[in-house]
Number of protein chains: 2
Amino acid sequence: MRRRTGTREKIIDAAMRLFYKQGFHATAVVEVREAAGVTNSGFFYYFNSKADLGCAVARRYLELLRSQVFLPVSRSVEDPVERVFAVLDGYRGILVNNDFSAGCPMGRMAAEISEANPAAVGVLNDAFRVWINEVKGWLREAEDRFPEGTNLAKLAMFVLVTMEGAVMLARSVRRIEPYDESVAELRRYFELLGDKTRRTQGKRGGEK
Amino acid sequence: MRRRTGTREKIIDAAMRLFYKQGFHATAVVEVREAAGVTNSGFFYYFNSKADLGCAVARRYLELLRSQVFLPVSRSVEDPVERVFAVLDGYRGILVNNDFSAGCPMGRMAAEISEANPAAVGVLNDAFRVWINEVKGWLREAEDRFPEGTNLAKLAMFVLVTMEGAVMLARSVRRIEPYDESVAELRRYFELLGDKTRRTQGKRGGEK
DNA sequence: GTCTATATATTGATAGAC
DNA sequence: GTCTATCAATATATAGAC
C-alpha cells in the first residue's frame with residue numbers, strides 16, 4: 001500500500017471519479033491528467049498504459065470498499081441485517097448525489113471492460129468477492145433469523161445482484177424509484193425468510 | 001417499420017451484434033461497416049453519426065424484444081409465472097452461448113451510454129418499460145397466487161433488476177453460477193410470496 | 001446509392017531535454 | 001520526476017466522382 005499523497009495517487013483519484021461518472025472508454029487519458037493537474041509524460045511515467053490505470057483504479061475501488069463502504073456502516077449500525085440495508089442506502093446516496101450519473105463504481109467498470117482488460121477484471125472480481133463475503137458475515141451474525149439451512153453466501157450474492165441491477169436501471173431512467181422499490185422487494189424477501197428486524201429494533205445485533 | 005433487407009438493416013444488424021459483445025464505445029464504426037460489408041461513405045449515407053447508429057440499434061432491441069424474447073415464450077410456455085422464468089432462461093442462454101461476453105443487450109448499452117446519448121437512452125428506457133409491462137401482464141394472469149395487494153408492476157421490475165444484476169456479475173466472473181443462484185433466489189421469493197407453480201404443473205396457466 | 005479518396009480530431013503513447 | 005514537443009494510430013466524418 002502506498003502513501004495517499006503524491007502524483008500517482010492524484011492521478012488514480014481523478015481517474016476514479018471520471019471513470020465512475022463517465023465510464024472507462026468515454027474518459028480520455030488527457031481528461032484524467034488534466035483533472036489531476038499532471039503533464040502527459042507525467043502520466044505515462046506512472047502508468048504504462050490506460051489499461052494499467054484501469055487496474056490501479058480497480059485496486060483503489062477494492063481498498064475503498066472496506067474503508068468507505070463497510071467500515072462506516074459497521075461502526076454506525078448495530079444490527080447485522082440493518083447493516084446490509086445501510087450499505088444499500090449508501091449506494092442510493094451515490095445515485096442521488098451524482099444526479100444519477102454515477103452508481104456503483106465497480107459494477108460500471110465491470111460492465112464495460114469485462115473482456116478487454118483481464119487484469120482489471122480480476123481485481124474487480126476480487127472486490128465482488130470481498131463485498132459478498134462481508135455481507136455474508138453480517139448475515140451469519142443473524143443466521144438464527146433465517147430458515148435452517150439457508151445458504152447465506154448465495155443470499156449475500158443476491159443482495160449484490162439486486163443492488164447492481166437496481167443501480168443500472170435507476171441510472172438509466174434517472175429516477176430513484178426503481179432503486180427504492182428493488183430494495184423494498186429485497187426487504188420483503190428477507191421478511192418472508194423470517195427476518196423480523198426493523199430499522200429501530202436490533203434484538204440480537206452487535207454481539208460480534 | 002422498414003424492410004429487413006437492405007444496406008441500412010445490414011448495418012444495424014452488424015452493429016447490434018458487435019455492441020452487445022464488445023460494448024458501444026469499444027466498437028469502432030469501421031468494424032461495424034466491415035462486418036456489414038459496407039463502405040465508409042455507405043455507412044454515413046445511412047447514419048449521420050455513431051450516436052445515430054446507437055439509437056437505431058436501441059430501437060432494434062426494442063423491436064426484437066417482442067419477436068425474439070416474449071413471443072416465443074408466450075407460445076411455448078403455458079403457465080404465466082413459468083413464462084417469466086423461461087424468459088430468464090433465455091438470457092442464461094445468451095450468456096453461455098457467447099461464452100459470457102454478452103448478456104442483456106439493452107442493459108449493457110444502458111450502462112454504457114446513459115448520459116452521452118439521450119435519444120438512445122430514451123429508447124432503451126421505453127424498452128425497459130415494455131419488458132416490465134409484459135412480465136407484469138403475465139404476473140397478473142396469476143395474481144391469485146400472490147398475496148392480496150401485491151404490487152405486480154414492482155415485482156415485475158424486480159425481476160428485471162435481478163436479471164440485469166445477475167447478468168452483469170456472471171459476465172464479469174465468467175461463470176454461470178451467480179446467474180443461476182440469483183434466479184433460484186428469485187424463485188424462492190416467488191414461492192414465499194405464495195406461488196406454488198412448478199415447472200411441470202400449471203394449475204391455472206393458459207386461461208388467458 | 002455506392003465508390004475512392006481524404007479531412008480532421010482525438011486517441012494512446014514516446015523521445016529527449018532539464 | 002517533470003517538462004516540451006511530437007508520433008503513430010485510430011476515430012469520426014466529409015467531398016465529390018460515377
Side-chain angles (χ1 to χ4, degrees), chain A residues 2-60 109 112-121, chain B residues 1-58 108-109 112-121:
Chain A
R2 257 180 221 88
R3 71 227 167 283
R4 269 303 88 100
T5 58
T7 309
R8 187 188 156 91
E9 303 304 316
K10 269 196 296 199
I11 295 171
I12 295 176
D13 244 51
M16 190 178 62
R17 266 162 234 179
L18 288 165
F19 287 177
Y20 82 65
K21 287 186 96 163
Q22 308 182 340
F24 178 79
H25 283 116
T27 303
V29 174
V30 204
E31 289 181 80
V32 174
R33 64 171 188 72
E34 276 177 358
V38 173
T39 169
N40 188 20
S41 256
F43 175 86
F44 283 100
Y45 173 77
Y46 288 106
F47 299 95
N48 300 323
S49 65
K50 191 187 179 184
D52 189 19
L53 172 66
C55 277
V57 168
R59 274 190 294 272
R60 174 65 60 85
M109 197 166 184
E112 211 178 344
I113 62 164
S114 298
E115 45 281 323
N117 191 335
V121 173
Chain B
M1 220 121 294
R2 257 182 224 88
R3 72 227 166 283
R4 271 299 88 101
T5 59
T7 308
R8 188 187 155 92
E9 303 304 316
K10 271 197 296 198
I11 295 171
I12 296 177
D13 243 52
M16 189 178 63
R17 268 163 231 178
L18 288 165
F19 287 177
Y20 82 65
K21 287 186 94 164
Q22 309 183 338
F24 179 79
H25 283 116
T27 303
V29 173
V30 204
E31 289 181 79
V32 173
R33 64 173 188 71
E34 276 178 358
V38 173
T39 169
N40 188 20
S41 256
F43 175 86
F44 284 100
Y45 173 77
Y46 288 106
F47 300 95
N48 299 323
S49 65
K50 190 187 179 183
D52 189 17
L53 172 65
C55 278
V57 167
R108 170 151 207 175
M109 196 166 184
E112 213 179 342
I113 61 165
S114 299
E115 46 279 325
N117 189 337
V121 173

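Excluded from the calculations below are hydrogen atoms, water molecules and symmetry mates; all remaining heavy atoms, backbone and side chain alike, are included.
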When Watson-Crick pairs (N1 to N3 and N6-O4 or O6-N4) and G-U wobble pairs (N1-O2 and O6-N3) count only below 3.5 Å on both distances, what is the dot-bracket string of DNA chain C, with | for other-strand pairs? |||||||.||||||||||

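You'll find the side chain of L53(A) reaches within 4.5 Å of the side chain of F43(A), heavy atoms only. With contacts defined as side-chain heavy-atom distances shorter than 4.5 Å, the pair F44(B)/D52(B) does not qualify. Side-chain contact check for V30(B) versus N40(B): every heavy-atom pair is 4.5 Å or farther apart.
A cation-pi arrangement is present between K50(A) and F24(A) under the rule of less than 6.0 angstrom and at most 45 degrees off the ring axis.
Between the CZ atom of F47(B) and the C1' atom of dT14(D) there is a distance of 17 Å, given to the nearest Å. What separates CD of E34(B) from P of dT12(D) is a distance of 12 Å, to the nearest Å. The CZ-P distance, from R33(B) to dC3(C), rounds to 10 Å in whole Å.
Side-chain N or O atoms of R8(A) include one that pairs as donor or acceptor with a backbone N or O of Y46(A) at under 3.5 Å. Panel note: side chain N117(A), backbone I113(A); no donor-acceptor pair is recorded below 3.5 Å. Using a distance-only test at 3.5 Å, with no hydrogens or angles considered, a donor-acceptor pair links the side chain of E112(A) to the main chain of H25(A). With hydrogens and angles ignored, the 3.5 Å screen pairs a side-chain donor or acceptor of R108(B) with a backbone N or O of K21(B).
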Just by protein heavy atoms under 4.0 Å, how would nucleotides 5-18 of chain C read 5' to 3' in B, S and -? B-----SSBBB---

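Put simply, Y45(A) has a side-chain N or O that comes within less than 4.0 Å of OP1 or OP2 on dG1(D).
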